[in-house]
Amino acid sequence: MTEPTRLNVAQQLDTLKSKEQYRQLPSVTHQDQWIICNERRLLNISSNDYLGLGNETQLQSQFLSYLQQMPDSVLPKMGSTSSRLLTGNHSQLPLLEAELLDWYHLALPEKQRSTCNKAVLVVNSGYHANIGILPALAKLPVKTLILTDTLIHASLIDGVRLIGSKHTHCRYQRYRHNEMEHLTALIEQASDEIERIIVVTESVFSMDGDRADLQALVKLKASDPRIELYVDEAHAVGVLGHNGLGLAEETQTLEDIDYIVGTFGKAFASMGAYVICDASIREWLINQMRSFIFSTALPPITHCWTRFVLAKMPSLSNLRTHLAEVSLRVSQAINTDSEVSYQSPIIPYILGDNASAVQKAQALQQAGFYALPIRPPTVPVGTARIRLVMNAKLSTEDCDRLIEQL
Ligand SMILES: *Cc1c(COP(=O)(O)O)cnc(C)c1O
């Protein structure tokens with residue numbers, strides 16, 4: 001390491017510390033729904049394990065015995081050893097993609113099933129999906145305007161950045177969070193030369209837990225043939241919709257969304273992601289999506305576990321209902337406004353300045369809850385918060401104990 005690196009890294013880390021923006025890896029041990037941290041057992045209300053499947057030892061043992069029944073020759077391997085385009089396209093992957101498409105068809109209104117021309121592509125993670133899809137779409141020589149919600153996930157922002165300046169036929173603007181009027185105005189102002197407008201949003205927003213109005217977006221799309229919709233369902237998959245396909249299922253907008261991204265790292269308690277899109281777009285992505293082409297496929301054993309969870313996913317609506325109940329209970333306690341409706345398991349408890357958020361998180365930890373402060377730049381300045389994240393394994397009593405502390 002050179003002297004300038006050594007001096008600057010020390011200085012810059014100090015700056016982060018003084019702004020309370022310094023990040024550290026917590027050392028934690030998991031025990032069912034608890035986190036063991038500094039020798040104390042705290043109830044985990046910070047993970048994305050919305051259905052609690054990540055800690056279900058019984059489910060894991062079921063999976064392991066399922067593997068043990070397989071002949072050694074077909075046991076899914078622990079590593080794929082190359083990109084899907086080389087030798088990494090192990091048999092688990094086409095099976096998983098076919099089953100995801102079945103799941104999608106199951107969630108579609110019946111009359112749309114026979115005409116559906118969608119296909120599924122599985123990629124290594126939501127991050128890979130979001131940094132790869134937009135740049136691949138931008139390689140089509142189409143005059144494009146990309147309109148993104150201001151609160152989209154960092155991976156989508158990076159996807160826009162990776163389009164790069166050489167694609168001058170692509171422009172990019174942001175619309176204020178969930179403000180349909182602003183979005184509509186930007187579309188109306190778009191010049192006639194624009195041939196394609198890609199609207200990019202999350203369905204459930206990761207830091208605020210609120211929902212995009214997918215039905216309004218679909219209506220907007222119907223008003224202008226240039227519009228395509230790109231929806232990241234990372235926090236809604238497994239959580240919303242009767243079969244767990246997300247907010248698009250719940251709002252019956254599946255068919256109208258051009259690019260649905262879902263991930264397996266959260267409610268699925270696995271790893272990986274998928275995009276559901278037109279079959280020809282899937283081919284284009286295989287040819288042009290760099291994060292797909294230049295990365296080793298996930299281990300077949302991981303895809304096998306994802307398939308195992310997927311097979312159960314449609315039948316877990318009792319967990320989804322319970323999750324909705326406990327989430328609503330806590331958000332009603334925080335928002336005295338009686339109109340609160342269920343948005344998602346993510347409940348922002350906004351405290352304002354960084355110090356208050358840190359203090360409150362400490363107090364919650366003292367009281368036995370593994371709560372973490374979220375500060376700028378992850379969220380806007382002045383909205384430091386505790387992100388309370390519910391999961392289906394929490395009991396009503398757990399929630400009431402939490403509410404007492406808020
Ligand atoms: C978690 C998340 C991702 C990233 O997915 P990974 O599979 O963890 O890489 C993408 N988008 C959103 C909205 C997320 O919350």
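When a ligand or atom number is given, it counts from 1 through the structure's own listing order.
Using a 3.5 Å distance cut-off with no hydrogens or angles, the side chains of Asp398 and Ser395 do pair a donor with an acceptor.
When only non-hydrogen protein atoms are considered, atom 1 (C) of ligand 1 lies nearest to Lys266 NZ, 1.5 Å. Shortest contact from atom 11 (N) of ligand 1 to any protein heavy atom: Asp232 OD2, 2.6 Å.
The distance from ligand 1 to the heavy atoms of Asn130 drops below 4.0 Å at these ligand atoms: 10 (C), 11 (N). Every atom of ligand 1 is numbered from 1 in the order shown, and the set under 4.0 Å from a heavy atom of His235 is 14 (C), 15 (O). Taking every non-hydrogen atom of Glu202 and a distance limit under 4.0 Å, the qualifying atoms of ligand 1 come out as 13 (C). Interface atoms of ligand 1 facing Ala234, defined by a heavy-atom separation under 4.0 Å, are 2 (C), 11 (N), 12 (C), 13 (C), 14 (C), 15 (O). Distances below 4.0 Å separate heavy atoms of Gly126 from the following atoms of ligand 1: 4 (C), 5 (O), 6 (P), 7 (O), 9 (O).
Every heavy atom of His128 sits 4.0 Å or more from the atoms of ligand 1. Contact analysis puts Ser155 in contact with ligand 1, with a non-hydrogen atom separation below 4.0 angstrom. Under the 4.0 angstrom criterion for non-hydrogen atoms, Gly265 is not in contact with ligand 1.
Between Tyr127 and ligand 1, a contact under 3.5 Å exists for at least one N or O pair.
Atom CD1 in Ile157 sits 9.0 Å away from atom CG in Leu151 (nearest 0.5 Å). Residue Leu162 holds its CG atom at 11.5 Å from CG of Asn130, rounded to the nearest 0.5 Å.
Checking each of Asp232, Leu254, Val275, Leu229 against Ile260 for a side chain to side chain contact (heavy atoms under 4.5 Å, CB included) leaves exactly one that passes, namely Leu254.
Ion pairing between Glu97 and Arg84 holds under the 4.0 Å rule for side-chain N and carboxylate O.
In this structure, Arg40 is not positioned above the aromatic face of Tyr370 in the sense of NZ or CZ being under 6.0 Å from the six-membered ring centre and within 45° of the axis.
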### Query
Going through the distances and angles, do Trp284 and Tyr259 end up as a ring-ring contact (aromatic ring centres under 6.0 Å, His included)?
CA-CA 13 Å; Trp284 181 248; Tyr259 315 100; over 10 Å; no
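Protein non-hydrogen atoms do not reach within 4.0 Å of atom 8 (O) of ligand 1.
Using cut-offs of 30° and 60° on the angle between ring planes, the pair Phe264 and Tyr274 is tilted.
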